[in-house]
Protein chains: 4
Amino acid sequence: MGVPEHHVADLSKAAEGSARIAWAGREMPVLAEIRRRFEVEKPLAGQRLSACLHVTTETANLVLTLKAGGAEVRLCASNPLSTQDDVAAALVAEHGVSVFAIRGEDQATYYRHIRQCLESSPTLTMDDGADLVSSLLLLGRGELAKAHPEVRALGEKLGEAGCQALVSGVLGSTEETTTGVIRLRAMERDGVLRFPVIAVNDSDTKHLFDNRYGTGQSTIDGILRATNVLLAGKVVVVAGYGWCGRGVAMRAHGMGARVVVTEVDPVRALEAAMDGFAVMPMAEAAKVGDLFITVTGNCSVITLEHARHMKDGAILANSGHFDVEIDLASLREAASEIRDVRPNVEAYRFPWGKTLFVLAQGRLVNLAAAEGHPAAVMDMSFANQALAAEYLVKTAGRLQPKVYRLPADLDREIARLKLATMGVKCDVLTPEQERYLASWREGT
Amino acid sequence: MGVPEHHVADLSKAAEGSARIAWAGREMPVLAEIRRRFEVEKPLAGQRLSACLHVTTETANLVLTLKAGGAEVRLCASNPLSTQDDVAAALVAEHGVSVFAIRGEDQATYYRHIRQCLESSPTLTMDDGADLVSSLLLLGRGELAKAHPEVRALGEKLGEAGCQALVSGVLGSTEETTTGVIRLRAMERDGVLRFPVIAVNDSDTKHLFDNRYGTGQSTIDGILRATNVLLAGKVVVVAGYGWCGRGVAMRAHGMGARVVVTEVDPVRALEAAMDGFAVMPMAEAAKVGDLFITVTGNCSVITLEHARHMKDGAILANSGHFDVEIDLASLREAASEIRDVRPNVEAYRFPWGKTLFVLAQGRLVNLAAAEGHPAAVMDMSFANQALAAEYLVKTAGRLQPKVYRLPADLDREIARLKLATMGVKCDVLTPEQERYLASWREGT
Amino acid sequence: MGVPEHHVADLSKAAEGSARIAWAGREMPVLAEIRRRFEVEKPLAGQRLSACLHVTTETANLVLTLKAGGAEVRLCASNPLSTQDDVAAALVAEHGVSVFAIRGEDQATYYRHIRQCLESSPTLTMDDGADLVSSLLLLGRGELAKAHPEVRALGEKLGEAGCQALVSGVLGSTEETTTGVIRLRAMERDGVLRFPVIAVNDSDTKHLFDNRYGTGQSTIDGILRATNVLLAGKVVVVAGYGWCGRGVAMRAHGMGARVVVTEVDPVRALEAAMDGFAVMPMAEAAKVGDLFITVTGNCSVITLEHARHMKDGAILANSGHFDVEIDLASLREAASEIRDVRPNVEAYRFPWGKTLFVLAQGRLVNLAAAEGHPAAVMDMSFANQALAAEYLVKTAGRLQPKVYRLPADLDREIARLKLATMGVKCDVLTPEQERYLASWREGT
Amino acid sequence: MGVPEHHVADLSKAAEGSARIAWAGREMPVLAEIRRRFEVEKPLAGQRLSACLHVTTETANLVLTLKAGGAEVRLCASNPLSTQDDVAAALVAEHGVSVFAIRGEDQATYYRHIRQCLESSPTLTMDDGADLVSSLLLLGRGELAKAHPEVRALGEKLGEAGCQALVSGVLGSTEETTTGVIRLRAMERDGVLRFPVIAVNDSDTKHLFDNRYGTGQSTIDGILRATNVLLAGKVVVVAGYGWCGRGVAMRAHGMGARVVVTEVDPVRALEAAMDGFAVMPMAEAAKVGDLFITVTGNCSVITLEHARHMKDGAILANSGHFDVEIDLASLREAASEIRDVRPNVEAYRFPWGKTLFVLAQGRLVNLAAAEGHPAAVMDMSFANQALAAEYLVKTAGRLQPKVYRLPADLDREIARLKLATMGVKCDVLTPEQERYLASWREGT
């Protein structure tokens, strides 16, 4: 096996990466089961699959599953800070996968890597935040000016027909995150989507687990590794009470913190209140918080105005997909000094005499300062990804250019497999119970 | 105001009932706000509304709101054991509402009361478990043989044309419970539904709160009043991990119990496991539980076979809508002795030497042994009911004979009102944030 | 068996009381085991034991155990509102025990009952709050003027020598509560104690369980029965973070409330903060609380000044031993109107336009509005009481007039018995481990 | 300032160490306040203080406080794996403190470093596990054969008189851990203690916080850094329910794990059960656990026999002071293969076909795989240490050779300072309340 096209930091880290990939694999038995089937059935044979995902040990297990299914895979990073360089190396050197990802890459490199994933003319794409698909669609629409220069360059090279061919060649895509699904639904609404997308995030076995238990634990993990601060007794402000937000709130509470929730949705705000959390606008929360964690999927959740009212020494972290939740541009401009104090911790000193600590430059703290979601939840998320890819091939030509959910029976099947691998048994409906549920005539 | 047609236990309890209705009203500010508007706008003027609901202080507040909106209301009980006789008396004697409900009524009386609610030829119905609507539809389909004799008698009196007219006169109905919605969807699927039904249960401000926080607290409350047993250190088996079940599990855990969950849905089983609960089939849980609580909406969740394996002294309670979750018929047959040991506690002594304690005859323990859901959650549930009735009038003739959800903006508005009355503020999206969420072009 | 001297409400309730005593007995297996031994060994033969305890089903099981041990028992109430009249009746009519206790008795009757417990010239006393012992010691010191008139009358009747004889005849006493132990230590410090007292409250198997899990659950239970309010989302202020206070805080949290703790001890305040609770002075808590629960053992924890700043509709409850924690005298004086709104709920309307609701007249809400601590914890507390009585007899003449703890091995033995009856096994030290713990030479 | 005598890994790491020491200092305001006073009052002037502590950023802040108080300080490691080399470097190079500690040092080096701390003839010692004091006392008793060869060599060099002088020169010592206090009480009981020891561990502001909240969080932190496994849904077996154990159980539960507790003390076992945890002997827990954490202070808590029954893939970690809680010697002997799979994770493959993963070679996982207790709790523990050193000087010659607690008023003062620095206010007793608590005459 020759070394394929790639751009990674250091191939010498391959062995370390392989050991860690295997360790994660231990906790991913559902994906392993799918992989065994894929090896036999080869449902992705002939597909060129380009994936823009966090390059982690869990993703490596997904990539190996897709490869086992017959796909030719290219992988680039979905976030400049989340790449695990040893994993990238192992995929290239030991598994012959084309990887384009370097931890800490700048924006130009980030988009050049996306471009390299498009250059193979993929038949399937996988996305985490929708950067790959949105780049693709900008090319397809001829909106080159709005695309990143690296992507634009590809468009110019291919020309209009080439771009059309590129987009037309895509059978469909999958999307991993809430943030990406929001963007894709906007594309669907604006009529610019050109192929079906499976919103993997919408599967129960994805968002109920990965977003909640995964984000919850890994966010706390990232913050502890970055800061080693005691959470007990601290006021932790969690911005957003979606599935990720409630995972983070639950775990911060579980570590002894007093949790304050901010929300824009009144139903969620009410749930947070009834769950025993204090709920208030960020303008008030800013004054009382010791640690702030944004998980909203929105921009400017913490602004300079909020920062002005924060306590000296407050810590700011983001666990939402993009690094726009904390308005760091404004904070940077206002700061009189910014300096590193620990890995992943920057001190922003402000003219009004206070210092705030920003973690991981406002990027996903769980991926930048820790190792991302534990494998046990990514097992289900990536089982969804693998089955979604297979489903797109099976339904080729029959789906609309819309955002779809994976069929419920596949979703449920993943749960069933997961329970089995955990050694947990549950009940099954008896025929009498099925009859009862189907009948409307039996009452009091 | 003369005393209207009624059948209640004891009108002399009216004053006591009124005081308790007012106490509950204190915790129902959202419904109170709707009532103030209804008094001015009279959106239900001319409507004959028959409601089959638990006759509690909270329901009384709903009935008064509907009456304020101009409706002529009839009320019967949705459960033979849940009627609060003082409330029934107060509604009749002090508010001129026709109530047909007596705590502990037998099945014949229960259905006679339903019949009395149908005899007014209602234009709107409200249901809690779908007994009223299913009785109505059996009449409409001429399936008199399948209806309860009391209902059948009405059908015979009205004749086929009269029955058709009765059903045709109904603009629509609302349904309060998960159980009822399951039955109504079965009716819709079988094509027997004849008018639109608003599944109030499906509103976020209903099932996320009433089912979870309401059922959770009131079930524990009912069990404590019935038994006064210490929950800390006990193994509590919760059958079902739907919204009600997770409410009960959460509160049993909150009281120090070790919770075991049984489920038939693998996704929910997995959630329960990840929430830190032990998950197992009932056949295994039966052996370890000290207290069993069924909240599945299904029948025969605890069977004689399970009972055979239970520990001596185990306690059985139900908090699901119908009294079929514990198969009491079989338990009664197998028992060598059944005797009362405390109010709402019956000891079943079995030939194999063990005794089990059954609470409230397997009926809703929160309503039979305590006072049902606290007013603060019913405030939202009944705000949904009131707005659903108004919505059915406004959309008269435009909806299909299907099960609908209340429009999301009404749902959200209820949450907003509730937050305001709790003094809780939340954030609102800035124009920049709305723009951001609508755009698909902004990425990394 | 003739009916003994007594003063109870209604002997016709004896059967109901007996059934409830038996129900409680089911959850008191440790006490039952002691009772079986006492029946054989009769360690209390010849003792006249006067007990001032809450007259509940659990106390009845203790009394029957003491009687089985050979003691002649008299029982009066340790709180005017906590007596369960059916239990008092059952003890008198079915078990021949002299009981002097009527629910709702006034202060004169309360002290007359104490006097009647002293008139038998007890050799052992049992106390819950130290009212019996302090009355006794006032007689012994000739401080008749400071005693309640009913007690004073006894002193006058006995004369100085008689009073001395009365006190000298007491081998020792036991005390159940934190509050009583505080008073007794003050007596010891002032040199007025005349016989040894076993501070049952200080046993691990008492205060760690009864005060925490017992008070926690039963306080919530009492509040729910009295009010039926939803706790989820409410701000519950718990005054005091001793063992009782942390039990109440834990359970209020477990029901979804947001808990605020007030404390005077900085170590406990810090623990509360690190446990994730908000900690603040009552003057601030008064402004934010929806429900206030005092469990401090001190007086004037909630004053009129605090009440002035409370929200309209706030609820006040006490779960500390005496009814002095809420300064009701001042509240009553300031109120423009006080009226009953539900059993155990009084509305205090104030001239400044707000209404506060006071539960159970500021007396122990768990005993007044519910049934007191569940039997499963009282099992251990009363096992301590029974063993303490036996210990006082065994050590007669050898202990100083001081406050003692029950020997640790008895305490531990109770825990061992309790675990066994719960079917819970724990490890035992291996000889190697015992050696390891005893050696100081083995290091790194 | 010249570089003092030292033995550390790499002085070039000093700058990094200094930055991290400052970061920890931010969370140690109580110690900072003591340091400011020490700088003025110099209470330790003329003292030679040798400390055997975990060489962490928090310890560095303590050392700087002691130095500010006038002491000449030597520091060696209390555990071969817990030293942070950058901190050791910073103390030497930037603060002129003699440090003898290298992460990963072997046992001989470990004891050579202890010897180097004794060679300065300290007047005060500080211990963490009692290795320093026990070495010292073995010298004083002439039990050279039982001492480690490195220590023995010192004894031989000093001769009998020199050893006596060495021990006689010690004013007193302090001890940080439960484990050390157990050893010291054994020394006191055996009559071998030669100077007073302040059991800092017994201070409320130490064991209630450091052991519970500190060990709780840092143990979870260490395990996550080592393994990145998802805790939600896992069965976590916590051996020991002392203060450390309940901290670990609380946090494991807070991360969504299902916690099983093993105990040898029946009272603690009962508390664990009532706290909602499953309690069972290790022999049973071994079969169900996914992750095992020992925190008992005892040896052989997990044996080869237990390991034989564990599930394939189970993870073993220790958070007790010594590495004897898991019987690794036996496991090593039985294993067919041992290999590294990740930093701090070794896979033990057994002939019966299963693999267990042992973290940090069975040493304190929080110190070996993470950074030890967060500074915010060490702030209080080390405030106790600093005040204990001062107290030993102040009381020189007046204390017995026994184990003492720090006076309660100092303990409480630390709590008060901590609350103040957290911005938390608590109530103070009013004169009326103080009077009430002191009086025994006021009753019902």
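Please read all numbers here as calculations on a predicted model, not as lab measurements. Residue numbers begin at 1 in each chain, while the letters A, B, ... track the order of the sequences.
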Taking all non-hydrogen atoms of both residues, which atom of [X] and which atom of [Y] are closest, and how far apart?
{"X": "D:Leu367", "Y": "D:Ser82", "value": "CB-CB, 3.6 Å"}
{"X": "B:Ala347", "Y": "B:Phe357", "value": "CB-CE2, 3.6 Å"}
{"X": "B:Val279", "Y": "B:Ala273", "value": "CG2-N, 3.6 Å"}
{"X": "D:Ser381", "Y": "D:Asp210", "value": "OG-OD2, 2.6 Å"}

(message) Could you measure the distance from the CD atom of D:Gln361 to the CG atom of D:Asn344? Nearest 0.5 Å is fine.
(response)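 The CG atom of D:Asn344 is 8.0 Å from CD of D:Gln361, to the nearest 0.5 Å.
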(request) Using a cut-off of under 4.5 Å on heavy-atom pairs, state which of D:Met255, D:His253, D:Met274 scores highest against chain B. (result)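 Top option by heavy-atom pairs under 4.5 Å: D:Met274.
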(message) Given heavy-atom pairs under 4.5 angstrom as the criterion, report whether the side chain, backbone, both or neither of D:Ala278 touches chain B.
(response)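 Backbone plus side chain of D:Ala278, per the 4.5 Å heavy-atom cut-off to chain B.
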With a 3.5 Å distance limit and no angle check, can you tell me whether [X] reaches the backbone of [Y] through a side-chain donor-acceptor pair?
{"X": "B:Asp312", "Y": "B:Thr355", "result": "yes"}
{"X": "D:Asp204", "Y": "D:Leu208", "result": "no"}
{"X": "D:Asn318", "Y": "D:Gly320", "result": "yes"}
{"X": "B:Lys206", "Y": "B:Asp411", "result": "no"}

(request) Using the salt bridge (charged side-chain N to carboxylate O under 4.0 Å, His left out) rule, collect all pairs that involve residues 317-328 of chain D, keeping only residues at least two apart or in two chains. (result)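 Listed once each, the pairs are D:Asp323-D:Arg363.
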(request) For D:Met310 and D:Leu356, run side-chain contact (heavy atoms from CB on, under 4.5 Å): C-alpha distance rounded to whole Å, both residues' side-chain angles, the deciding distance at 0.1 Å, then the answer. (result) CA-CA 8 Å; D:Met310 288 183 182; D:Leu356 300 180; 3.9 Å; yes
(message) Using side-chain heavy atoms (C-beta onward) and a distance below 4.5 Å, is B:Val345 in contact with B:Ile315?
(response)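 The answer is no; the side chains never approach within 4.5 Å.
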(request) Show your reasoning for whether side-chain contact (heavy atoms from CB on, under 4.5 Å) applies to D:Arg339 and D:Arg349. (result) CA-CA 8 Å; D:Arg339 64 190 172 83; D:Arg349 184 159 190 81; over 6 Å; no
(message) A quick test of your reading: do over 12 heavy atoms of other residues, nucleotides or ligands sit less than 6.0 Å from NZ of D:Lys354?
(response)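 Yes, enclosed.
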Residues in [range] that sit under 4.5 Å from chain B, counting heavy atoms only:
{"range": "residues 287-309 of chain D", "answer": "none"}
{"range": "residues 259-270 of chain D", "answer": "none"}
{"range": "residues 213-248 of chain D", "answer": "D:Leu230, D:Ala232, D:Gly233"}

